[in-house]
Number of protein chains: 2
Amino acid sequence: MIPVGKYRMTQQRKVILAAVQRDLERHMTADEIYEAVRRKLPRISLGTVYRNLEILAELGAIQKLELTGSVKRFDGNPSRHYHIRCMHCGRVDNAPVAPLQQIEDKLYGATVFTIIGHRLEFEGLCPRCSQEAAADFSPIEEQTKD
Amino acid sequence: MIPVGKYRMTQQRKVILAAVQRDLERHMTADEIYEAVRRKLPRISLGTVYRNLEILAELGAIQKLELTGSVKRFDGNPSRHYHIRCMHCGRVDNAPVAPLQQIEDKLYGATVFTIIGHRLEFEGLCPRCSQEAAADFSPIEEQTKD
DNA sequence: CTACATGCAAATGCTTTGCAACCTA
DNA sequence: TAGGTTGCAAAGCATTTGCATGTAG
C-alpha cells in the first residue's frame, strides 16, 4: 500500500480497494461497494466511496466501467478486457474473449474521425435469470406468484 | 404517418420524429432534439420530447442509444449498426462497419451467461476536435486563450 | 366522446461537491 | 503541521412522473 503522488493511503481507501478486488470476475456498483465496505467501516459515507473509486481509477488500480444503463460499475482488474451484462438483473462479469485489436482496422479511411479505441460489451442472461426465463416459458410447471 | 396500436400521431410526435430523422448520420441528445423541435413548436415541453422518444423507440421507428457517458442519444435509423463517439465533445456518428455476428461465437461455452447480443462502440476524435488537439501540440503556432 | 397526449412542475436516481473537522505523511 | 481526506448534507444533471387540461380518432 504505497501512497502515490499527492494521494494518501487511508483506512477507507484500503478497504474500498480490497472490496473491489475481492472478486475479479464480478463487478459491483458504487452502492454495492458502499454496503460491503460498511460492514468493516460502519461510519463511512457514500460520498467517500465515490471519491475513492474515482481516485483509484485515476491511479490505474481499478477501472470504472461505463456500460449500458445509468449505473457505473468498478472492476478490480485494471487491464483491458470485455464484459458481459445480464439484461435482466444488471450483473456484470468478465467476458473471456481476448481484445480484438484488428476490429478498428475496418474503420480506417471510412470515417472522418480519428480512431482511438473501441468498447465491446456482450449482453445476455446470467444463470439465475436464464433459469427464471426458462421457467416462465415452461408449459409444465405451474407458476406461483411471489 | 399511420397511428400504430393504441398510439396517436400528434403534431408533437410528428415533428420530433422528423427532427430525429433529419440527419441519419449524426445523433442528437434529448435536449438537442428539444431545442430543434422548439423552433417549430415553441410551447412543447422537454417531458413531451422524452415521452415521445421513448414511444417512437418502442414502435421501432427510431432507436435509443446508450453509449458511454450519462446522456442518451437517438438514432433515426432503427436498423442495427455501430457508432463512433468523440471522446472530447461527445458527437456520435454512425460507424461504417457491417455488424460482426460471429463475434459472439468466441464466447460460446466460455461463459455461464446465455448470450443474446453485443454492443460495439468506437471511440476517437471528430474532425473539429482532432484539429484542436493537433493545434495544441503544434510547436509552431502560438495558442491564444478564448 | 373517450382514451391517449400535453405542459408544467415536482420527484427520482445516481453522482458530485462545499464545508468544517480530522488524519496521514 | 500542512494539505489531502472524511462525514454530512445539499446540489447537480439527465430523466421520469403526477396531474389537470387538451385533442386525435
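Because the structure is a prediction, the values reported are computed rather than measured. Below, read A as the first sequence line, B as the second, and so on, with proteins coming before strands; counting in each chain starts at 1.
Atom CD1 in A:I33 sits 10.5 Å away from atom CG in A:L17 (nearest 0.5 Å).
Between B:K64 and B:Q11, it is B:K64 whose nearest contact on DNA chain D lies nearer the 5' terminus. Where A:G47 and B:E54 each meet DNA chain D at their nearest nucleotide, the meeting point lying more 5' is that of A:G47.
Between the side chain of A:R43 and the base of D:dG7, no donor-acceptor pair of N or O atoms lies under 3.5 Å. The base of D:dG7 is paired with the side chain of A:R51 by a donor and an acceptor separated by under 3.5 Å.
Using a 4.0 Å heavy-atom cutoff across all strands shown, A:D31 reaches no nucleic acid atom at all.
The side chain of B:Y50 contributes an N or O atom lying less than 4.0 Å from OP1 or OP2 of D:dT15. Not one side-chain nitrogen or oxygen of B:T29 sits closer than 4.0 Å to the OP1 or OP2 atom of D:dA14. Checking the phosphate oxygens (OP1, OP2) of D:dG7, a side-chain nitrogen or oxygen of A:T48 falls inside 4.0 Å.
With rounding to whole Å, B:Y34 atom OH is found 14 Å from D:dT15 atom C1'. B:K40 places its NZ atom 20 Å from the C1' atom of C:dT6, with the value rounded to the nearest Å. Separating the CZ atom of A:R73 from the P atom of C:dG13 is a distance of 17 Å, rounded to the nearest angstrom. Distance, B:I55 CD1 to C:dT6 C1': 11 Å, rounded to whole Å. The distance from atom CG of B:L53 to atom C1' of C:dA5 is 15 Å, rounded to the nearest whole Å. For the pair A:Y7 OH and D:dG4 C1', the computed distance is 10 Å after rounding to whole Å. Distance, B:Q12 CD to D:dT21 C1': 13 Å, rounded to whole Å. Rounded to whole Å, atom P of C:dT24 lies 12 Å from atom CE of A:M9.
The A:T10 side chain lies nearest to D:dT6 when the options are D:dT6, C:dT6, C:dA5. Nearest to the side chain of A:R13, among C:dA5, D:dT5, D:dT15, sits D:dT5. Listed nucleotides: C:dC8, D:dC8, C:dC23. Nearest to the side chain of A:R8: C:dC23. Listed candidates were C:dG7, C:dA5, C:dT15. Nearest to the side chain of A:V71 is C:dT15.
At a cut-off of 3.5 Å, with distance as the only test, no side-chain donor of B:E123 or B:T68 sits close to an acceptor on the other residue.
Ring pair A:H81/A:H27 is tilted by interplanar angle, where 30° to 60° counts as tilted.
Between A:E54 and A:R51 there is no salt bridge, since none of the side-chain N atoms of the basic residue sits less than 4.0 Å from a carboxylate O of the acidic one.
Less than 6.0 angstrom separates the ring centroid of B:H118 from the ring centroid of B:Y82.
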